[in-house]
Amino acid sequence: MEQQTFLADKIRTQEYFLNMGPQHPATHGVMRMVLKLDGEIIRNIDPVLGYIHRSIEKMCEHDNYKQIIHLTDRLDYLSAHMNNEAVALLVEKASGIEVSDRIKVIRTMMSELTRIASHTLWWGVMGMDTGALTTFMYAFRDRELINDIMEETCGARLTMNYSVIGGVRYDLHENFVKRVKDFIVHFKKKLPEYDRLLSDNVIFRKRTEGIGYITKEEAIAFGLNGPTGRASGFACDIRKLKPYSAYDRVEFQEVMATEGDAFARYKVRILEMWESLRILEQLVDQIPEGEHRVKTKAVIKLPVGEYLQRVETARGDFGVYVISDGGSSPYRLKFRSPGFANLHGLNKMSIGYKIADLIVNFSTIDVVVPDMDR
Amino acid sequence: MSYIGDIINGSKTLLTGMSITGNYFFKNLFTRKDVITQLYPDNMNELKMFDRFKGEVIMFHDENNQHKCDACTNCEIICPNGSIEIVWERVADPETGKNKKVLLNHIYHLEMCTMCGLCIEVCPADAIGWGQDFHHVTRDRADLTKVLNKPGSSIMPGVKEKK
Amino acid sequence: MMNLTIISEWLSHYIAAEVAFYAELIVIAVIYLSVFALLGLFLVWLERRVAGFFQLRLGPNRVGPMGLFQTLADALKLVSKELTGTSKADKFLYKLAPYFVIITALMAIAVLPFSGELQAFDVNIGLFFISSVSSISVIGIFLAGWASNNKYSLIGGMRTGIQMISYELSVGMVVVTMATLAGTLQLSELVALQKDGWFIFTGHVPAFIAFAIFIIAGTAESNRTPFDLVEAESELGAGYHTEYSGMNFAYYFLAEFVNMFIISAVAVVIFFGGWLSPFGITDNIPYVGVFWFLFKTMAVVFLMMWFRWTFPRLRIDQLLTLEWKYLIPINMVNIVLMALLVWLGLTF
């Protein structure tokens, strides 16, 4: 019998490479991904960093400990306060500076406000990446209120540079408590709207559910952390594991999910905003009296040794590691950035899925490129 | 039947989303109550920044065109970016005859400044502080290099020279 | 057919009758083209303004009253821009592609009945003409994707092929459904038949289902969110028109909005009684139908804008699932249902 040949067998297919970025609307900045594609299906992702490398770690080695703080604003600019706090906590711990309860509470509240601001921005961008453009403006409306709080108290909206060694730069503004209370009331009304607009939307559900699976073991192996890791069931919240500032005295839940898909990562962040609101509610009426700043020496020198301080930023476990040779600036300083670790999971999440899914996954690990690429 | 049920539930979620955006649309169409747009160049005069807003570093002058800077260069030393350059000279004090530091130019590079605020914190005489101006747009980078002490200004009497 | 023959009658006093006939055609074409260029600009303005209100913004509000001249200014900017392209592009096809899109979009306009008196080309297969002409535009998008020598454009072009061909089917079947009810494909006659009641009411259940399918498929036909995979800003940059600039880009942009207008106009003709006023209040006054036609069309256009500024985008496989597993089967059942209703005389 004659062998039947199909036209499809004669067509030659091949995998091809696609350069996504550094100038691409969905790469959240300047990141380049070399995609190996089979049609629309992703076979390999090769993230290329270095387009926004500013050698911040090296710059830190030439600055003294007071000067380092303003550089950390520029790492993960959406959780600028937490980054400041990490360095401040490290130096305070190493040089034995005791800070008052007031400072601790202020720092915690600022951290949680920053976390909400970061997550709202993420929610807006998440909607944009999936094609719902309106979410962005709704998110920015709510974020604007936090920015106003920040601007009034810290003097800046994004790169606050508020936490300093031995306290915070300014005392709380007299309107702070009122503004935070107003914000809590406002945001509690708007968060369910987020759900109704995007989370429940059938198209959005179909786009995110069952996409970008990553198991708990893989999450741990890749070093995923923050909401990305917790969505796979990996309990990695530094606020619970190693409480710092006032986190040991507030009640909140570590938001976890076990599905490990893109929607779980989405869900964890939405629920985290509720938890942050809960923390703010507990603290806003109980800000202790006291000084906002402890007097420190003009030039701070750390004793010889190695120091590590971890904080939970909006993206996950941010670590500052310092080797001191006893001088006024660190001998070596290393930032362990959550975004960089989360990026490792992207390949695992996206291979075998389509380009559109890659964008969703990329969005759900909540990338801030200057955080990965220091 | 799940096939028809899916369609109905799906449509319901879509309509819920549309009700939210539609609600905002009609509210904004008729009342503009929720519009968050700032009509920037129009509201330039009403726009007031917060007192602590970090727009630029300025040097305070009183009505006699006198400032408090004694050219101690603390701010120049602490600045992480080298945004501040201080030009000074020693001039003999006519009363005591001692040589005294006198500020010639307090040069401030706004284009390099990261608003970290260390200079303001370290200033022993509170000679410099935050200005709330944010209209820094210019066509020439050199315009951003400013001399903070006004021309012809002198130091206020009574500001002691720091060691 | 139309009162515009007065042009040729008037002209024939001065020049030969054949020349006057062609002169009339040219005059009408120029009027139509300029009106639709303006309409396209207006729709772009409307979209931006509507998007502004959806997004808690104001939208364009600086150039002219309520920002009306903003799009005119943008158009002037686009005209004055350099036409760029990639070095290894297929130059001929690359330059040709935009014209496929814009010309087909403008051709479909010819048959739209703006009022009882104002219709340029009342062909007896009007609906068929519109759907066949508008399916040519896919060639333009396909060519753009292929000829640009850009992988993003290519992916966009391939997606277009899949999407347009699939959803063409749904639009066609909705037209068949409504033709079953009306018994004609001629647009003027379709409108005239609705004097006693719009088809969406006379055809009740199947007509309503047909309208829902038509608006979904129509949104997909004009490549708008949630079916804008062809452009998919967050995935493909700008999709098939990534490499186009200046006026070539403007053609695509304008064509998208004109297509949206056509889809809405067709919906108005086959469901909402075209230029007929509600309850016949102004039907006796000539040319007032233009107002009603544009008013209804803008209402449907607004509905499509509402979709765009609310929904996320579908993925390519979900797009096909929606078409082949949901819309087509429902559509088939709907045709049978409509045929039964017409047969049994259960329509109003």
Measure the shortest side-chain to side-chain distance between [X] and [Y] over non-hydrogen atoms and say whether it is less than 4.5 angstrom.
| X | Y | result |
| --- | --- | --- |
| A:T153 | B:R52 | yes |
| A:E151 | B:M49 | yes |
| A:N161 | B:M115 | no |
| B:N9 | A:V202 | no |
| B:Y24 | A:R141 | yes |
| A:Q67 | B:C116 | no |
| A:Y138 | B:T21 | yes |
| B:T114 | A:R74 | yes |

(message) Using the rule given for side chain to side chain contact (heavy atoms under 4.5 Å, CB included), can you reason through B:L14 versus A:I203, listing the C-alpha separation, both sets of side-chain angles and the distance that settles it, and then say yes or no?
(response) CA-CA 8 Å; B:L14 295 179; A:I203 302 173; 4.0 Å; yes
Heavy atoms of other groups near [X] [atom1], more than 12 under 6.0 Å:
| X | atom1 | value |
| --- | --- | --- |
| A:Y331 | OH | no |
| A:K178 | NZ | no |
| B:K27 | NZ | yes |

Out of curiosity, [X] [atom1] to [Y] [atom2], how far, rounded to the nearest 0.5 Å?
| X | Y | atom1 | atom2 | answer |
| --- | --- | --- | --- | --- |
| A:K190 | B:I20 | NZ | CD1 | 9.5 Å |
| B:C79 | A:H70 | SG | NE2 | 7.5 Å |
| A:N64 | B:L118 | CG | CG | 8.0 Å |
| A:N175 | B:F50 | CG | CZ | 8.0 Å |

Ranked by heavy-atom pairs below 4.5 Å to chain B, first place among A:R205, A:H173, A:M59, A:K206 goes to A:H173
Per-residue tally against chain B (heavy atom, under 4.5 Å) across A:I68, A:L198, A:D73, A:N201 peaks at A:N201
Against chain B, label [X] side chain, backbone, both or neither, depending on which of its atoms sit under 4.5 Å from a heavy atom there.
| X | value |
| --- | --- |
| A:D148 | both |
| A:D63 | side chain |
| A:H62 | neither |

So that I can tick it off, tell me whether B:E121 and A:R169 are bridged by a salt bridge, with the cut-off set at under 4.0 angstrom between side-chain N and carboxylate O.
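Yes, charged N to carboxylate O under 4.0 Å.
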Item checked: Segment of B:N81 engaging chain A (4.5 angstrom heavy-atom cut-off) ->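 For B:N81, the contact with chain A is made by the side chain alone.
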Side-chain donor/acceptor of B:K54 to backbone N/O of A:M160, under 3.5 Å
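Yes, B:K54 side chain to A:M160 backbone: donor-acceptor pair under 3.5 Å.
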